[in-house]
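What follows is one structure encoded as structure tokens, with my remarks underneath.
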Amino acid sequence: MSSYIIEGGRKLKGEVSVSGSKNASLPIIASTILNGGTTKLYNIPDIRDTRITLEILKYLGCKVKKSHGKIEINSKNMVDKEIPEHLMSQMRSTVVLAGAILGRFKEARFSYPGGCDIGARPIDLHLSAFKKMGINIEENYGFITCKCDKIISADINLDFPSVGATENIILAATFAEGTTKITNAAMEPEIVDLANCLNKMGAKIEGAGTKIIKITGVKTLKNISYTVMPDRIEAGTLLCMTAATGGNVKLTNVNANHISPIIAKLEECGCNIEVGKNEITLNRTKKLKAVDIKTMPYPGFPTDMQSIFASMLTTAKGTSVVVENIFENRYKYTSELNKMGAKITTEGKTAIIKGVRRLSAAKVKSTDLRGGAAMVLAGLVANGITEVTNVEHILRGYEGLDKKLRTLGANIIVKEGE
Ligand code: UD1
């Protein structure tokens, strides 16, 4: 496992472009299975999660060509319907491949998905939706086999607006007979991006971005090229890092509408934010003020920003209260921050952060993807030289984070693991 070595105390300054969205790329890569032809994708971030997803597609028989920021996927000769366990177990979002494989072949076999250790993360909502669509599900020795003669349209009410389940239903319903209706659908921008991509291929998806999505089955899809949306969590992360260091940074390739709850909270903390077309500038001159945050499904405050925002609040003036409503085990990083002098106590869904004057450098570990980014933020503001270990978690989801931070004046280098 590698580490980041960070010398704290430098203000981030300058301009940096935000990469393409991890969470939009994964279902969009899955959607290329459906058209049985060629899809050219732009703005896919080069991170571990997209590389694993592309590896799975190759294993299944797709041709994948990468060149100059473009990924061309040809799924014509895809034959295999079984996602290999050693790749499936590395990340949870491989589960959306099931919806795409089922949509095309009416059959898919996979094991329970892996991913960050932030809670139980069951897939019951995905499987019960598949059942409603006439798909038989058998579970044996940790493997799930889904099969049917045809996928039928259904009215599916999600008990919780699960992002992955909404994506899986859309993918499985694209070729179904009739109109499938999802109520209490997830409204995240990544769902809209997936629907836009599929609609460009010729699918009929209405209402993405609202609570009710209707998918009317079509017979065929066509070859397209598509540019994935910017990563809203990377944008939020870089803004919080700038705010924490008292810096002044302009982000380009960013959609401010996607991060309005983050912008609102940063303003409440005392940051100055200017929003332009595809760009955001944050400047912090006054001391940060404590604020309260509550994570919620979109358009609420995103759970993926919780650890990063909390890390920034460790040196704010006053006491902040954080409530995590989406995942039940997303405070593991707090004990690492406390090693650096933060004062965070947690109980159940709630974390209480008493602002301290300064963090001090320490050797700390990335507990998961976003928890790792929270440690990097702490390293940027701490007194002395911090080592953040297990950066492989961070590399799952951030494209060239250390390089971007160096562009902004941070002193951060990678120490390769043995
Ligand atoms: C996606 C994002 C992840 C983000 C999360 C919530 C991707 C690749 N990942 O994850 O970064 O943190 O949305 O915004 O897009 N649940 C069930 N049963 C299910 C499915 C989910 O109980 O069948 C629960 C989960 O345990 C969790 C909550 O629903 O408590 C939210 O999960 P979900 O929206 O499905 O998240 P993911 O799609 O896994």
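In each ligand, atom 1 is the first atom listed, and ligand 1 is the first ligand listed. No hydrogens, no waters, no symmetry mates; every other heavy atom, side chains included, goes into these values.
For a threshold of 3.5 Å applied to N or O pairs, the pair formed by P161 and ligand 1 contains no separation below that value. Checked by distance only, ligand 1 and G164 come closer than 3.5 Å through their nitrogen or oxygen atoms. At under 3.5 Å, not a single nitrogen or oxygen of F160, backbone or side chain, sits near a nitrogen or oxygen of ligand 1. At under 3.5 Å, not a single nitrogen or oxygen of K22, backbone or side chain, sits near a nitrogen or oxygen of ligand 1. At least one N or O atom of D124, backbone or side chain, sits closer than 3.5 Å to an N or O atom of ligand 1. Any N or O atom pair closer than 3.5 Å counts here, and S162 shares at least one such pair with ligand 1.
Side-chain contact between S320 and I293 is absent, with no heavy-atom pair separated by less than 4.5 Å. Counting only heavy atoms from C-beta outward, the side chains of Y226 and N196 approach each other to under 4.5 Å.
A salt bridge is defined here as a Lys NZ or Arg NE, NH1 or NH2 lying under 4.0 Å from an Asp or Glu carboxylate O, and K289 with E268 fails to meet this definition. Salt-bridge formation is detected for the pair R232/E190: a Lys NZ or Arg NE/NH1/NH2 atom is positioned less than 4.0 Å from an Asp or Glu carboxylate oxygen. Ionic pairing of E234 and K404 is present here: one or more N-O contacts between side-chain nitrogen and carboxylate oxygen are shorter than 4.0 angstrom.
Set against the non-hydrogen atoms of R330, the atoms of ligand 1 under 4.0 Å away are 12 (O). Each of the atoms 19 (C), 23 (O) of ligand 1 lies under 4.0 Å from some heavy atom of I123. Heavy-atom contacts of D304 reach the following atoms of ligand 1: 3 (C), 4 (C), 11 (O), 12 (O) (cutoff under 4.0 Å).
When the options S128, P122, P27, A129 are ranked by their closest heavy atom to atom 22 (O) of ligand 1, first place goes to P122. Remark: among candidates L26, T303, N23, L369, the nearest residue to atom 14 (O) of ligand 1 is T303, based on non-hydrogen atoms. Nearest-heavy-atom check against atom 23 (O) of ligand 1 across T53, L125, D49 picks out L125.
Cation-pi geometry between R370 and Y398 is met: under 6.0 angstrom from the ring centre, within 45 degrees of the axis.
Checking E82, E138, E139, E85 one by one against R109, the salt bridge (charged side-chain N to carboxylate O under 4.0 Å, His left out) holds for a single residue, E82.
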